[in-house]
Amino acid sequence: MAEKLPYYLPEGLPAPKAQRDGMDAGFWEALRRHELVVQRCNRCKTSQFGPEWICYKCQGGDLGWHRVSGRGRLYTWVRSWNPVHPALKQAGPFIIAVVELPDADNVRMVGNLLGDPMHDAPFDAEVEAVFEDHPEATLVQWKLV
């Protein structure tokens with residue numbers, strides 16, 4: 001069984017959920033299973049994220065979800081001191097990271113980088129996905145490898 005992680009940010013933030021149209025439901029369902037997926041075109045095999053109704057490359061409409069390794073590279077990050085929600089008033093600073101996924105055509109995902117928020121993480125550092133279970137949703141966070 002996976003290690004139960006403490007919540008990275010304080011409770012009280014609104015939980016993300018699938019869009020009403022269901023376009024991103026496969027992403028959230030995969031996170032519940034502790035799997036990371038990206039959308040992939042079944043026609044031209046191009047990966048993309050965030051989810052869309054058509055392929056970015058060939059404009060085809062035959063898209064599916066493709067499991068990826070959950071390992072990536074730190075593309076960029078920012079240390080946030082700004083409490084953009086009342087629940088974050090005492091939570092800062094925290095690091096917001098953009099992660100590039102080499103096994104998914106280098107698509108990028110945004111998330112929190114776990115660990116010391118005062119550490120200056122090196123760009124292009126290896127990271128891996130960590131799944132944080134909440135009652136309403138599972139979130140993907142990132143940690144240095």
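- Residues Val37 and Val68 have side chains not in contact (no heavy-atom distance under 4.5 Å, counting atoms from C-beta outward).
- The main-chain N or O of Ala87 is found under 3.5 Å from a side-chain atom of His85 such that the two form a donor-acceptor pair.
- With respect to Glu126 and Arg71, a salt bridge is recorded, a charged nitrogen being found less than 4.0 Å from a carboxylate O.
- In this structure, Asn112 contributes its side chain and Leu114 its backbone to no donor-acceptor pair below 3.5 Å.
- Shown here is Gln90, whose CD atom has no more than 12 heavy atoms of other residues, nucleotides or ligands within 6.0 Å.
- The same ILVMFWY cluster, assembled from side-chain heavy atoms under 4.5 Å apart, contains both Phe123 and Met109.
- A donor-acceptor distance shorter than 3.5 angstrom exists from the side chain of Arg43 to the backbone of Cys58, with no hydrogens or angles considered.
- Comment: Asp124 engages Arg73 in a salt bridge, judged by a side-chain N to carboxylate O separation of less than 4.0 angstrom.
- Residue Ser47 holds its OG atom at 6.0 Å from NE2 of His66, rounded to the nearest 0.5 Å.
- Here OG of Ser80 is found 10.5 Å from CD1 of Ile95. Values are rounded to the nearest 0.5 Å.
- For the atom pair CD of Glu35 and CH2 of Trp65, the computed distance is 12.5 Å after rounding to the nearest 0.5 Å.
- Under the 4.5 Å side-chain heavy-atom criterion for ILVMFWY residues, a single connected hydrophobic cluster contains both Trp28 and Leu101.
- Within a 6.0 Å radius of NZ in Lys57, other residues, nucleotides and ligands contribute 12 heavy atoms or fewer.
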Inset, instruction - Tell me, with the steps shown, if Asp62 and Cys41 meet side-chain contact (heavy atoms from CB on, under 4.5 Å). - result: CA-CA 6 Å; Asp62 184 15; Cys41 179; 5.8 Å; no
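- Between the Arg79 side chain and the Pro93 main chain, no donor and acceptor come within less than 3.5 Å of each other.
- At distances below 3.5 Å, at least one donor-acceptor pair connects side-chain atoms of Asp21 with backbone N or O atoms of Met23.
- Linking Ile, Leu, Val, Met, Phe, Trp and Tyr whenever their side-chain heavy atoms come within less than 4.5 Å leaves Phe94 and Trp81 in two separate clusters.
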Inset, instruction - Tell me, with the steps shown, if Val130 and Val140 meet side-chain contact (heavy atoms from CB on, under 4.5 Å). - result: CA-CA 6 Å; Val130 177; Val140 62; over 6 Å; no
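- Under the 4.5 Å side-chain criterion, counting only non-hydrogen atoms from C-beta, Thr138 is in contact with His34.
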Legend entry - Leu139 vs Leu31, side-chain contact (heavy atoms from CB on, under 4.5 Å): CA-CA, chis, key distance, verdict: CA-CA 7 Å; Leu139 305 178; Leu31 289 184; 5.9 Å; no
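- Ring geometry, Phe27 versus Phe49: the interplanar angle falls from 30° to 60°, so the pair is classed tilted.
- Counting only heavy atoms from C-beta outward, the side chains of Leu63 and Cys55 approach each other to under 4.5 Å.
- Although no hydrogens or angles enter the test, the distance criterion places a donor-acceptor pair under 3.5 Å between the side chain of Gln48 and the main chain of Ile54.
- Within the 3.5 Å criterion, the main-chain N or O of Ser69 finds a donor-acceptor partner in the side chain of Asp103.
- Separation of atoms CH2 (Trp77) and CG (Asp120) is listed at 4.5 Å; rounding is to 0.5 Å.
- Of all heavy-atom pairs between Leu74 and Ala97, the closest is CD1-CB, 3.6 Å.
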Inset, instruction - Quick one: do Tyr75 and Val99 satisfy side-chain contact (heavy atoms from CB on, under 4.5 Å)? Show the steps, please. - result: CA-CA 5 Å; Tyr75 180 77; Val99 173; over 6 Å; no
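- A distance of 11.0 Å separates CG in Leu113 from CD1 in Ile96, rounded to the nearest 0.5 Å.
- We find the CH2-CD distance between Trp53 and Gln39 to be 9.0 Å, quoted to the nearest 0.5 Å.
- Hydrophobic clustering places Leu36 together with Leu144 (ILVMFWY residues linked when any side-chain heavy atoms are closer than 4.5 Å, directly or through intermediates).
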